[in-house]
**Q** 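Can you keep this structure in mind? I'll have questions shortly.
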Amino acid sequence: MMNRSACITLFLAVVAWYCESASADVAGSRPNIVFVMADDMGWGQPGFNGGNPKLTPNMDRLASEGMRLNEFYTHSVCAPTRSAFLTGRYAFRTWSDWRSEDFGKPSYLAKLGLELAHNERGEPTRRIHALDTDERTIAEALRDAGYFTSLIGKWHLGEWLPEHLPMGQGFQHQYGHYAWGIDYFTKTIVHNAPARFAVYDWHRNQRPVQEDGYATDLFAAEAERVIAERKNDDRPFFMYVAFNAVHGPLNPPPGFQGAADDPMAIREAMLKRLDTALGRISDAIDQHGFRDNTVFIFTNDNGPVLEELSQPFRGTKNTTFEGGVRQPAIIRWPGHTEPGTSKDGLMFIADFFPTFVTLAGGSHTQPRPIDGIDMNSMLFEGGQSKRDEIVFDVSGSVRMPTIRRGDFKLMGDALYNIANDPFERSDVASEHPLLVAELKTRLSEIGEERPPLGDKPLLMDPPLPYVYGLEEQEDVPAWLIQAVEKVRATQPKEWVEGETPWPKAPIGPDASKMTGLKDEVVK
């Protein structure tokens, strides 16, 4: 009979063998990849981060089945995060720190020294801005590696020219909306800045589609359908499900029983519906036998519009405080992530690009360098993070120039020690003048790498389309025109001078202390 010491030695040897086997080299293992992203969800909203567990049982279940990342970061606004995810590059390199709709808003254009454009008929319109087609996206990299690629949900990297739409950027299947934030029922965007009226924005494979239902539910149903179809396809698949929930407008889901004038009750109902949708996707993966060979990721694009939803962190969407850029993130890959665990170490949204390419056995060769770091060793092999720096914004961005290096984060002139002060209560810049100078120099130097913007000569014409997508103007169906006209009939026809239906460009580190239903307000 073994003595106690021998038993312990054997036990540790078995554990070590198991861990080594489970963490074997994952390069080229070609798992399916399902990447689910929420929109404007706060760090403190999921139950596993201190939120109401009754609202997020599926998020919490996924957290118990997978590994949580404690220091996962994004940019502080929708489009920059999405471009960094798709390209593996900081948003400023692709000018995605400026959103497409910003090029129809005078206060944003003024920050670039530009004026609002007018077409040849003298009508004010939007300059065309989108993710450059010369960028290599993760969808293109995985498609070229033999994956089926699908985007379900929000795009927000161009809504007009076909080469700027998802199927022009590597996705073989598309479903959802192109622009920033749809009404969950009417499928319209409230305005097409500088035009002040609604535009239809609901498409499948880049053709307008007429569907009744709540957007969150419809995205889940499409994901279920596409996953089921993969059983008849030998290719591994990459599915990017980009929910618009819980982004505004505040549209309560069907069956909502709360007060119509209680915005927090509406937000909670929208969150619960998002959670249900996440559960439907997880169940579909399991039901069709893909669980063990699928890297399933759930995260969020940027902070919430209300600071109380960021708790315990400071800040909101559109700020680079922790509440704007630190996101909940869960990764589940049975046999490679240990259930119910968490992982420390910096990781940035751009890191998924090289990580996924390695998993797929794809090519890392491309004309433009990336900022992402392959994190397979950290995520699946028990290693530490290789990242020590994150550049959130640089001079010339809409938002405050900000850099994180090691334990410290510089925001403009303010310095925070995130390790000792994660809630950013104390500016310690005066205690570390040399570090402040060093980080400012670094921000200045890397900001010099921003490419020229160019003249932006292409204009959206007509300035107020019925539907997004240039090619979708060719034969706009009668049902679509009727639906849009019905929405436009309810919208204001006159505005006080200087007022617009969209917020003005943010200014300063606290630019987005949110109020009401607006996404950003000037302070």
Side-chain angles (χ1 to χ4, degrees), residues 25-37 58 62 65-66 82 85-86 88 136-155 162-163 165-178 202-207 209 211 216-243 277-299 330-337 352-364 376 379-380:
D25 188 4
V26 297
S29 56
R30 298 176 64 77
N32 305 309
I33 300 169
V34 177
F35 186 89
V36 180
M37 180 182 286
N58 291 293
L62 186 63
E65 296 171 345
R82 292 159 206 276
F85 170 63
L86 286 169
R136 184 191 188 214
T137 71
I138 188 59
E140 290 169 329
L142 295 181
R143 179 201 61 194
D144 293 347
Y147 275 61
F148 171 79
T149 58
S150 169
L151 167 71
I152 297 171
K154 174 177 174 175
W155 176 239
E163 59 266 32
L165 300 179
M167 297 182 78
Q169 298 278 28
F171 288 98
Q172 295 157 308
H173 165 260
Q174 174 274 331
Y175 176 80
H177 60 103
Y178 304 150
W202 195 255
H203 322 255
R204 178 180 282 114
N205 292 335
Q206 297 179 193
R207 302 304 303 169
V209 58
E211 287 182 319
T216 305
D217 301 341
L218 294 174
F219 288 146
E222 185 79 357
E224 289 172 325
R225 184 185 68 80
V226 173
I227 290 169
E229 290 179 348
R230 304 281 60 79
K231 292 185 70 174
N232 301 317
D233 191 333
D234 292 336
R235 292 173 293 176
F237 60 89
F238 166 56
M239 178 181 290
Y240 170 30
V241 186
F243 283 100
L278 177 68
R280 291 172 61 180
I281 296 171
S282 179
D283 290 346
I285 291 170
D286 295 354
Q287 176 186 346
H288 297 289
F290 294 122
R291 181 187 180 99
D292 289 344
N293 194 37
T294 296
V295 179
F296 187 28
I297 299 168
F298 174 69
T299 188
I330 306 166
I331 301 178
R332 186 189 75 188
W333 189 12
H336 299 275
T337 55
F352 281 117
F353 185 104
T355 301
F356 290 171
V357 172
T358 293
L359 288 174
S363 172
H364 288 280
N376 277 294
L379 298 177
F380 308 124

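Note that the coordinates shown come from a computational prediction; the quantities given were computed from them, not determined experimentally.
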**Q** Got a second to check how far Arg136's CZ is from Asp144's CG, nearest 0.5 Å?
**A**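 If we round to the nearest 0.5 Å, Arg136:CZ and Asp144:CG are 6.5 Å apart.
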**Q** Find the distance between CD1 (Ile297) and CG (Leu379) and round it off to the nearest 0.5 Å.
**A**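 The CD1 atom of Ile297 sits 7.5 Å away from the CG atom of Leu379.
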**Q** What class does the angle between the rings of Phe35 and Phe85 fall in, given that below 30° is parallel, 30 to 60° is tilted and above 60° is perpendicular?
**A**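 Because their plane-to-plane angle is under 30°, the rings of Phe35 and Phe85 count as parallel.
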**Q** I want to check something: taking the side chain as every heavy atom from C-beta on, are Phe219 and Arg280 in contact at a cut-off of under 4.5 Å?
**A**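 No. Closest side-chain heavy atoms not under 4.5 Å.
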**Q** Mind listing the closest non-hydrogen atom pair of Ala242 and Arg82 along with its distance?
**A**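 What the structure gives for the nearest pair is CB-NH1, 3.6 Å.
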**Q** Specify the closest pair of heavy atoms between Gln206 and Leu165, including all atoms of both residues, with the distance to one decimal.
**A**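 In terms of heavy atoms, the two residues are closest at OE1-CB, 3.3 Å.
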**Q** Can you classify the ring geometry of Phe290 versus His288 as parallel (below 30°), tilted (30 to 60°) or perpendicular (above 60°)?
**A**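 Phe290 vs His288 ring planes: tilted.
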**Q** Under the side chain to side chain donor-acceptor pair (under 3.5 Å) test, which residues partner Tyr178, sequence neighbours left out?
**A**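 Side chain to side chain donor-acceptor pair (under 3.5 Å) check on Tyr178 returns His203, Glu472.
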**Q** Hey, could you give me the CD/CG distance between Gln169 and Leu86, rounded to the nearest 0.5 Å?
**A**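 The CD atom of Gln169 sits 8.0 Å away from the CG atom of Leu86.
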**Q** For the residue pair Tyr240 and Phe238, does the interplanar ring angle fall in the parallel (under 30°), tilted (30 to 60°) or perpendicular (over 60°) class?
**A**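 Parallel, since the angle between the ring planes stays under 30°.
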**Q** Kindly write out the residues that satisfy side chain to side chain donor-acceptor pair (under 3.5 Å) with Thr358, not counting sequence neighbours, or none if the list is empty.
**A**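 Partners of Thr358 by the side chain to side chain donor-acceptor pair (under 3.5 Å) criterion, ordered by chain and then number, come out as His364, Asp374.
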**Q** For residues Leu151 and Phe171, report the shortest heavy-atom separation together with the two atoms involved.
**A**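 Heavy atoms only, the tightest pair is N-CD2, 3.5 Å.
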**Q** In Å, rounded to the nearest 0.5 Å, how long is the span from CG of Leu62 to CD1 of Ile330?
**A**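 Here the rounded value is 4.5 Å.
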**Q** For Pro31 and Tyr147, which heavy atoms make the closest approach, and how far apart are they?
**A**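 Heavy atoms only, the tightest pair is O-OH, 2.6 Å.
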**Q** Could you state the interatomic distance from OG1 (Thr149) to CE (Met167), rounded to the nearest 0.5 Å?
**A**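 Rounded to the nearest 0.5 Å, the OG1-CE separation comes to 8.5 Å.
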**Q** Tell me if a side-chain donor or acceptor on Arg30 pairs with a main-chain N or O of Ala145 at a distance below 3.5 Å.
**A**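 The answer is yes, because a donor-acceptor pair under 3.5 Å joins these two groups.
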**Q** Can you tell me if Asn32 uses its side chain to pair, donor with acceptor, with the backbone of Pro236 under 3.5 Å?
**A**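 Side chain of Asn32 to backbone of Pro236, a donor-acceptor pair under 3.5 Å: no, none is there.
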**Q** Minimum heavy-atom separation for His173 and Ser150, please, with both atom names.
**A**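 Closest approach of His173 to Ser150: ND1-OG, 2.8 Å.
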**Q** If we ignore hydrogens and angles and just use 3.5 Å, is the side chain of Thr137 paired with the main-chain N or O of Gly170 as donor and acceptor?
**A**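 Looks like no, no N/O pair under 3.5 Å.
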**Q** When you look at Glu222 and Arg204, which way does the side chain to side chain contact (heavy atoms under 4.5 Å, CB included) test go after all the steps?
**A** CA-CA 10 Å; Glu222 185 79 357; Arg204 178 180 282 114; 2.8 Å; yes
**Q** Evaluate Glu65 against Thr337 for side chain to side chain contact (heavy atoms under 4.5 Å, CB included), listing each step before the verdict.
**A** CA-CA 9 Å; Glu65 296 171 345; Thr337 55; over 6 Å; no
**Q** A side-chain contact here means heavy atoms from C-beta on lying under 4.5 Å apart; do Phe243 and Leu278 qualify?
**A**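 When only atoms from C-beta onward are counted, Leu278 and Phe243 do not touch, as no gap falls below 4.5 Å.
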**Q** Just wondering, do Ser29 and Phe380 contact through their side chains at under 4.5 Å, heavy atoms?
**A**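 Sidechains of Ser29 and Phe380: no contact.
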**Q** Please assess Ile285 against Arg332 for the test side chain to side chain contact (heavy atoms under 4.5 Å, CB included), listing each intermediate value before the final yes or no.
**A** CA-CA 12 Å; Ile285 291 170; Arg332 186 189 75 188; 4.2 Å; yes
**Q** Could I get the full list of side-chain contact (heavy atoms from CB on, under 4.5 Å) partners for Arg235, not counting sequence neighbours?
**A**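 So Arg235 forms a side-chain contact (heavy atoms from CB on, under 4.5 Å) with Phe148, Gln172, Asp233.
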**Q** Quick check for you: to the nearest 0.5 Å, what is the distance between Ile33 atom CD1 and Phe296 atom CZ?
**A**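 If I round to the nearest 0.5 Å, the distance is 13.0 Å.
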**Q** Ignoring hydrogens and geometry, is there a side-chain-to-backbone donor-acceptor pair from Asn205 to Gln174 under 3.5 Å?
**A**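 Checked: pair present.
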**Q** Go through Arg225 and Tyr175 one step at a time and tell me if the side chain to side chain contact (heavy atoms under 4.5 Å, CB included) criterion holds.
**A** CA-CA 12 Å; Arg225 184 185 68 80; Tyr175 176 80; over 6 Å; no
**Q** What I'd like to find out is whether the side chain of Ser363 reaches to under 4.5 Å of the side chain of Val357, using heavy atoms alone.
**A**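 Ser363 does not reach Val357 side chain to side chain.
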**Q** Which heavy atom of Ile331 sits nearest to which heavy atom of Phe352, and what is that distance?
**A**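 Reported closest heavy-atom pair: CD1-CE2, 4.3 Å.
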